[in-house]
Amino acid sequence: MSGRIIDGKAIAASLRADVAAAVKALPSQPALVVVLVGDDPASQVYVTSKGKATREAGMRSVEIRLPADTSEADLIARVDALSRDPEVDGILVQLPLPKHIHEANVLAAIDPLKDVDGLTEASAGKLVLGKPGLRPCTPVGSVILAKTERPDLAGANVVVIGRSILVGKPAALLFLEQNASVTIAHSKTRDLRMVCRGADVLVAAVGRPEMVRGDWIRPGAIVIDVGTNRVPAPEKGEGKTKLVGDVHFAEAIQVAAAVTPSPGGVGPMTIACLLRNTVLAACARRGWTVPDALAQS
Ligand code: NAP
């Protein structure tokens, strides 16, 4: 028996349409600024697609591209100026930053009201405390995808593999907020396969290509594959590569009720949730009511 493919592209397109409708109902256009330091090819692609999606949603997009040798002090000064600029609604500093820059110091310069990536200490604190705030985009997207298959997650056993600040930890907290019973697994977890087999919802955020095999998955489970790994693809030609997830998709789809593909699952949701956060940030900071199109999503 074969499970369903959770179509992240289609679900993200629907959320983006909601964002665009919400933007039309606002008194003015929100503005999102994305800051990129250096020339990491993957980051360049992400920043370009975020800019395009922002404009398509009817918002203003500003891309600031800085050289790889930008000093930490200069970067902090730029981010600080954006935090003070009343015309800027959202600030995203594309990670990873070059090695000589401490990411935490830069994130600390982002006004929490403009923290559309949800990565500042203030946003993380609000998440832990269960207070309203801007939530990290990839984990929110993962929860939305899981809820398309199981709208009520109360009591579900959720296993999150990975405990990064960016994905694993916030994802675990967001599933907890949904009243799921959450286990966080990581590189020191014993008998990971058996831990995963206990999951009604298995979230893989590891960064290891196709690590989660079919026999790690409980029959009928929902599998959310956050992983995006570039691997050699000799079948496409010499030197060619392709993207694969942390889950062995072909095996997983035989066992699970539903699986997100990677690419085409969580990735598109991350961008859609970033756009949503930009509208929510603009509304909170400017005292606007969140338009109906987004109030429920
Ligand atoms: P990360 O910071 O490298 O964290 C990886 C986590 O996986 C760590 O907690 C690590 O455990 C755990 N881990 C590593 N090897 C393991 C193993 N063999 N068994 C069990 N746990 C293991 O990565 P990340 O930033 O969270 O990203 C995870 C994946 O998601 C990557 O593939 C990344 O590209 C992808 N991602 C996708 C999106 C998107 O929009 N689709 C966004 C962000 C990230 P320890 O803590 O014990 O070391």
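Just follow the structure's listing: the first ligand is 1, and inside any ligand the first atom is 1.
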(request) Just jot down the ligand 1 atoms closer than 4.0 angstrom to any heavy atom of L192, in number order. (result) 19 (N), 20 (C)
(request) Any atoms of ligand 1 less than 4.0 Å from a non-hydrogen atom of G267? List them with their elements. (result) 40 (O), 41 (N)
(request) Check whether any side-chain heavy atom of E72 lies under 4.5 Å from a side-chain heavy atom of H100, and answer yes or no. (result) no
(request) Measure from atom 15 (N) of ligand 1 to every heavy atom in R230, H186, R208 and give the option owning the shortest one. (result) R208
(request) Identify whether V23 and V116 are in the same connected component of the hydrophobic contact network (ILVMFWY, side-chain heavy atoms under 4.5 Å). (result) no
(request) Using a strict cut-off of 4.0 Å, indicate which atoms of ligand 1 neighbour a heavy atom of V167. (result) 26 (O), 43 (C), 44 (C)
(message) Check this for me: does any side-chain nitrogen of one of R286 and D89 sit under 4.0 Å from a carboxylate oxygen of the other?
(response) yes
(request) Check each of G207, P96, P136, P263 against atom 29 (C) of ligand 1 and report the one with the nearest heavy atom. (result) G207
(message) Judged on heavy-atom distance to atom 30 (O) of ligand 1, which of V244, L243, V226, V212 sits nearest?
(response) V226
(request) Using distance alone, decide if ligand 1 has a nitrogen or oxygen within less than 3.5 Å of any nitrogen or oxygen in K188. (result) no
(request) Identify whether V79 and Y46 are in the same connected component of the hydrophobic contact network (ILVMFWY, side-chain heavy atoms under 4.5 Å). (result) no
(request) Could you pull out all residues at least two apart from K9 that satisfy side-chain hydrogen bond (donor to acceptor under 3.5 Å, both in side chains)? (result) none
(request) From the options V195, V206, D246, I184, select the one whose nearest heavy atom is closest to atom 3 (O) of ligand 1. (result) V206
(message) Other residues, nucleotides and ligands only: do more than 12 of their heavy atoms fall within 6.0 Å of CZ on R78?
(response) no
(request) Could you pull out all residues at least two apart from L192 that satisfy side-chain contact (heavy atoms from CB on, under 4.5 Å)? (result) I161, A185, T189, C196, M211, W216
(message) As an exercise, identify every atom of ligand 1 less than 4.0 angstrom from a heavy atom of T270.
(response) 39 (C), 40 (O)
(message) Quick one, V226 and D246 - any side-chain contact, counting heavy atoms below 4.5 Å?
(response) no
(request) Could you establish whether T228 and ligand 1 come within less than 4.0 Å of each other, counting only heavy atoms on the residue side? (result) yes
(request) Report, in ascending order of atom number, the atoms of ligand 1 lying under 4.0 Å from any heavy atom of N229. (result) 32 (O)
(message) Can you tell me if A185 contacts ligand 1 (heavy atom of the residue under 4.0 Å from the ligand)?
(response) no
(request) Please tell me if the side chains of L92 and L274 come closer than 4.5 Å, counting only heavy atoms from C-beta onward. (result) yes
(request) Could you find the nearest protein heavy atom to atom 25 (O) of ligand 1 and give me its residue, atom name and distance? (result) L166 CD2, 3.8 Å
(message) Any heavy atom of M269 closer to ligand 1 than 4.0 angstrom?
(response) no
(request) Could you find the nearest protein heavy atom to atom 8 (C) of ligand 1 and give me its residue, atom name and distance? (result) R163 N, 4.0 Å
(request) For ligand 1, note which part of T138 has a heavy atom under 4.0 Å away: side chain, backbone, both or neither. (result) side chain
(request) Would you mind running through ligand 1 and noting each atom that sits below 4.0 Å from a heavy atom of G162? (result) 6 (C), 7 (O), 9 (O)
(request) Give the C-alpha distance, both sets of side-chain angles, the deciding distance and a yes or no for side-chain hydrogen bond (donor to acceptor under 3.5 Å, both in side chains) between D225 and T260. (result) CA-CA 6 Å; D225 187 356; T260 64; 5.6 Å; no
(message) How far is atom 1 (P) of ligand 1 from the closest protein heavy atom, and which atom is that?
(response) S164 CB, 4.1 Å
(message) Considering S187, G8, G141 one by one, which has a heavy atom nearer to atom 45 (P) of ligand 1 than any of the others?
(response) S187
(message) I want to check something: taking the side chain as every heavy atom from C-beta on, are L243 and V231 in contact at a cut-off of under 4.5 Å?
(response) no
(message) Hydrophobic clusters here meaning ILVMFWY residues chained together by side-chain heavy-atom distances under 4.5 Å, can you tell me if V34 and V279 are in one?
(response) no
(request) Can you pull out the closest protein heavy atom to atom 17 (C) of ligand 1? Residue, atom name and distance to 0.1 Å, please. (result) M211 SD, 4.0 Å
